[in-house]
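Structure first, commentary second.
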Amino acid sequence: MKIKQLHIYGFGKWQDQKWDLSEQQLSVIAGDNEAGKSTIRAFILFILFGLSPQQRQRYLPKRGGQLGGQLVVQGSDGKDYTIERIDNRSNAEAICLDQNGQKQAADWLNQELNGVDRALYNQIFNFDVFGLQLEGGFSKEQLGEVLLSVGMTGSDRIYQTEKQLNKALDRQFKKQGSKPALNQLINQLVDQERELKSLEDSVVAYQRHLEKSETYQAEIEQKRARIQGLYRELDVYVEQQRVYPAIENFQLVKQKLTEFPEKMDFPEQGEARFRRLKETIQPLQADYEVAKRQENDLEADRLQLEARLLSDQKIRQISAKLDHVSQYHDQLTEKKHLERQMEEKEQMIKAQLNELKLNITESELKQLPINYTTEETWKKLADQYYHTTKQITNDQQSLDTLITRGVILENEVAELEAKTLSTREKNVIENELEQINQRFNLRQQKDHPFMKQQLSHRVFSFLSVFLLVASLMIILVNQNNLLNGLLAGFIVLVGVTFIWQQLKFRKNWLAFLNEQSTEQTIESTERRDELVKKLALHDNNRDQLILAREKLKQIDDQQMNITEELRKLTSDLKQTEQAIEHERNQFSFLTNLSVGFWPDLATRLREMIDLMDQRDQLKANHSEQVRLLDQFETETSTQFNDLFDREESSFQEQLIHLNEIAVEQSNLREQQEKLTERLKEQSEIRKTIEAKMIPYQDNLSELLKLANVDSEEDFLTQAHLYREWDELKEQQVEMERQIRLHLPETVTSKIFAGEFLSKNELETQIEFIREQLEELEEWVNELVQKEADQQAILKSLAHSKVAVDLKHAFYLTKDKLVAGAREWLVRQVALKQIENTKAVFQTSYLPVVLEKASEFLGQLTSGRYLKLDFDQGNHELFLLAADQQTYRLDELSQGTVDQLFVSIRLAISSWLAEHIRLPFLIDDGFVHFDRERKREMGQILAQLSDVHQMIYFTKDADGFEQDSDCLIVL
Amino acid sequence: MQEKIKFIHSADLHLDSPFKGMSTLPDPLYQQLKSSTFTALNNLVQLAIDEAVDFVLIVGDLFDQSLRSVYAEMQFLLACEKLAEAKIPIYLSYGNHDYLKERTRTLNYPDNLHVFESDEVECKVFVKNGRPLVGIHGFSYLEQAVLGNKAIEYEPVDGVPYQIGMLHGSTGQADEHDHYAPFQLSDLRGKNIDYWALGHIHKREVLGTNPTIVYPGNTQGRSSKEFGEKGCYLVELDQADTKLTFKPLHQIRFEQVMIDLKNCNDLDQLYEQVTDALTRFTQQKVIVYLTLINATPQMAQNYHQGELNEIIELYNEQQEDQRKWTWIQSVKLEQERNSDESLLRLRDPFIQQLLEQFEQIDWEEAANDLWRHRHAKRFLPDLTEVEKAEIIEEAKELALYQLIGLNNDEN
């Protein structure tokens, strides 16, 4: 920072005063005593650092007005700033503005001052050159003190600090002391530690007691186990005593068993099984015998029966023959029947021949060429002859009738012709009638308006129906509501009109009918009726005449037809008669026979020939039957000759005998079958019994085999022996079981081996064990008591908090000691560092200052003195002159001493201000300097001003006149 | 679906442990503090019963070797018996503070206590409803220091659905505690263990999920460094998820409280501000370490002159008789000195030299008188670097205060 201008608004004696300082670094403000130099110095300090309100009172403007002012300074950035303080503004706070009047931040000034406060500024930058003068000598230590005192801290403060720290440290701890707090804590800890040791023992004691307790427990366990063992042993002996009879028995049985083989082979429950088997087998065997016998009887019967039986072939032959016997009988019957028929036919032939009496023999008759054609011809000729004759007679009669009727009809026709009108008369009457009718019709039909109306009515009706249908179609097709509505309306309208028209037409129709009836006149009607009647009568007569003429014509035609027919019939009759003659020539016997008999004769002849043929056929059949019968009889007799008795000559008897044989054989066969069946059944029964018996027999054999014997007797003997052995064994097992039940395995095995204590020995043992038990139980009771005591001790130890509390107390004390020690160490460290710093400061920095001071002194004294230093004892300062002479302070002139101190002061300041660029405010006092030395001083200041701005306040400006730029004279 | 398990993971109970820095605590409060580790144990037992957990894990440092007492063992025995009644097993491994060599068997514990007696990792199987459910792996410290990586010894066993690893140790990175049984997280993640129940580090921390790796912290704070809530984790573990619920067990908590004195100009205001700041701890038992920041020069002066302490004493006096209390154990003024220091260095060569001097302290010279005292040396532990640094700071502060602290201004 560099001050460029001072502007005092009001400060002490100064009022509204402004000074521009030199552009150079050095400014000299010269003025006499009371000229206001110190006030300006105070003003600068006020602007830079402020003043307390009390201190400001001292500088209130004498002539009234505002206290305050401003400094224009060049900042560290090379720009100008204004620092202003006014007494009654913000407690005289500094307002800092840049060239543009922009206010700077609050700590701008502090930064510009490099944090240097007033005190430090005063120490280093604002000083009176003679402020350093000390009375008396100037030892190295003293100069060190000076250095310390010039520094911010100040030597006093350092000493004070040392003193305080030492005091506090002494209060806390003394190496050999006992009163200080830490010493007390240490002693306390030693005591507590001792106590702790004993507490640690209590843990060991607990452990010891615990171990003891556990030893007791183990011992008790052991003894109890022993007691239990003894009790078990005792139990065994007592039990042995109790089961002693069983033991004895066991041994006895064992002895008996020695007489038997070690092992007996006999089936399990062999005897019982053997007997059971025998009991089961016996009834089976009886049954078997019966069955066997029955089977044999049946077999004998069967053999006997089989001896009576014919061979199968023979039986089959008889059977076959007998099958043909019925046929034989049928043939016999047939033969008789044929014989009877033959007889009948013979009779009939003879009767007929007699009846016909034609004188013809059978053989002639047989040879006649009569066949069906002959018969037909005869019949036809007879019919023709008969019918033709008859027709001729009928026709002759009809012809006569017709002639009679023709005559009658001719009379009728003549009568009718008289009654009938002529054609002219008839035309006259028809014309008149036509005229009358025309007249009526014209008036009624053509001229009547109703007819017209009827026509138009028909047209209207047709139109109405058409419109209605059309409208309905449109409604059905169309979906337009409006149009549909309109059409529906239209339909209604047409419908109503139509109905109205109908009603009107009907009314007109009735009127027309009325009109027609009334208009006819009676006269006209009567005339017309008359004419009509005439015409009708005429018509009727004419019709009858026509009819009669027609009939007459028909009768003429019929007469002609019948006459023609008669002629034809007569011709036919001639031909027939010729044919008859022809036949009579061929068959002579017909000559005398009327044709009317011919048709039957032919038939009867024919029948007769047939009868003869039938008779001949019957004869042939009969012969065949006789041959067959003979053949059968012969065959039978030959075939079964051995079976028939000689007496039985009759074939019928033979047949009866054969039949009997057949029946007998059949019965025998049946018997044989039954016997065979029964035999089979019986055999089955026997086999079943046999099968039932086999396993039993096998078992029995098995038993014998198992018993290693051959016979059942041996088996029973063996069984008896085995039973005895088995009973003994059972006894042994039972004894063993009893012994095992009550005694342990170790003992029983010995007993079974024959090693066992006698009754007396047992009693001795029991007594001995009981004594042992008594002793042991007593011992255990003692141990239990001891263990309980240990448990009580352990419990009290475990629940005791004394140990815990003591431990915590120890640790708390230790904690206190540590905390105190730490606090002590903090002080100790602080003190040691201050002491060390002081020593370093005094020894290390002094040479630097002395060197600088030597430089300044040499300059001030124009090289007369070269060096400033302390003597070897570091007690006294001396100067080395250019002539190599050394001078103590008391050997120097006052002026030189002044120069020496100025040099030292400047050296100290320049050394201290090495890193801070702030203006130096140096007050004069160079009163003892001669002009030359003042000039030198100016040069030093100028030299220093290379680094710092120098504002030098002096009484007279001698030595600075030549540089008027930097001079301000008050 | 596998059965879910529920257990408590606790560690570092340090039963009957001494408390550091409590020398100024009034006796009634100190008595409470003394029993607080046991209260935490009782709280743990009650929590296990209330939550009907399957088992309880205690991962080392159940006891504090510095205060081995039969009483502590007895208290733990009672706790075991209570849990035995509730049919809750306890799986216990010993750590660097209660290592096996130092332990002599004293009491007979009930069967529900399963102790890992070996310094080799072994597995104990927790069986529920007749079915093996959890393989619990762990080891105990044989000596105080276990320096090898034990994590690599853990191997899951077959036939159980869950695997839990109990490991009392620290990661290589932990700096507050000794590096015992050091492990890398990758070691733990590499094993097929479902839950890593860690111990040793007193600060609660979940180091990882999948698998879950957890330090539950200790159950009762013992100094200003162990501040905040202290307790255990209630863990619910199934095949899909691990649910961690922190459950506080402490009786007394330690707290560090910072108060900004920017707007505080007199002692009345200070008292008010302190009272306000500590209101949140009512209904608890709390030991508070106050740090004051941004103090005005006036306050700093009050602090250095001891007037501030009087205010604190006034506050503490009112707390002492309360059932629940907040005790201010210490007050520290934090000042920004760094900028001041550089300034001081510039303007005052002596201070500059002094500060330089503080950088080269001869501890032997400074501490010897006391630390080598024939009695005291047994009780004073060697200073740690951290403590040395703290002492330097305090000593520096003291020196500066004494030298330039107060009336460095003419004003």
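This is a predicted model, so every value here is computed, not measured.
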Exercise. Is there a donor in the side chain of Trp327(B) and an acceptor in the side chain of Gln329(B), or the other way round, less than 3.5 Å apart?
Worked result: yes

Scan the side chains in residues 166-179 of chain A for donor-acceptor partners under 3.5 Å anywhere in the protein, sequence neighbours excluded, and list what turns up.
| unit_1 | atom_1 | unit_2 | atom_2 | d |
| --- | --- | --- | --- | --- |
| Asn166(A) | ND2 | Glu162(A) | O | 3.3 |
| Gln172(A) | OE1 | Arg827(A) | NH1 | 3.0 |
| Gln172(A) | NE2 | Gly820(A) | O | 3.4 |

Seminar exercise, completed: Residues of residues 180-189 of chain A with a heavy atom under 4.5 Å from any heavy atom of chain B, in residue-number order, are Leu182(A), Ile186(A), Leu189(A)

Problem set entry | Carboxylate-amine/guanidinium proximity below 4.0 Å for Glu385(B) and Lys388(B) | yes

Exercise. Which region of Leu165(A), side chain (C-beta onward) or backbone (N, CA, C, O), has a non-hydrogen atom less than 4.5 Å from a non-hydrogen atom of chain B, or is it both or neither?
Worked result: side chain

For this session: Using a 4.5 Å cut-off on heavy atoms from C-beta on, say whether the side chain of Thr219(B) contacts that of Leu41(B).
Result: no

Problem set entry | Part of Arg378(B) within contact of chain A (heavy atom distance under 4.5 Å) | side chain

Problem set entry | Under 4.5 Å from a heavy atom of chain B, the part of Val840(A) involved | side chain

Exercise. By a 4.5 Å heavy-atom criterion (distance strictly below it), what part of His373(B) contacts chain A: side chain, backbone, both, or neither?
Worked result: side chain

For this session: Working to the nearest 0.5 Å, report the span between CH2 of Trp363(B) and NZ of Lys832(A).
Result: 13.0 Å

Exercise. Quick one: of Gln54(A), Gln833(A), Glu193(A), Lys814(A), who has the most non-hydrogen atom pairs under 4.5 Å with chain B?
Worked result: Gln833(A)

Exercise. If we only count heavy atoms from C-beta on, is the Asp815(A) to Phe19(B) side-chain gap below 4.5 Å?
Worked result: no

Exercise. Can you find a side-chain donor-acceptor pair between His250(B) and Gln220(B) that sits under 3.5 Å?
Worked result: no

For this session: With the side chain counted from C-beta on, respond yes when Val829(A) and Phe358(B) share a heavy-atom pair under 4.5 Å apart, and no when they do not.
Result: yes

Exercise. Distance from Phe227(B) atom CZ to Tyr289(B) atom OH, nearest 0.5 Å?
Worked result: 12.0 Å

For this session: Tell me, for Leu25(B) versus chain A, whether the close heavy atoms (under 4.5 Å) come from the side chain, the backbone, both or neither.
Result: neither

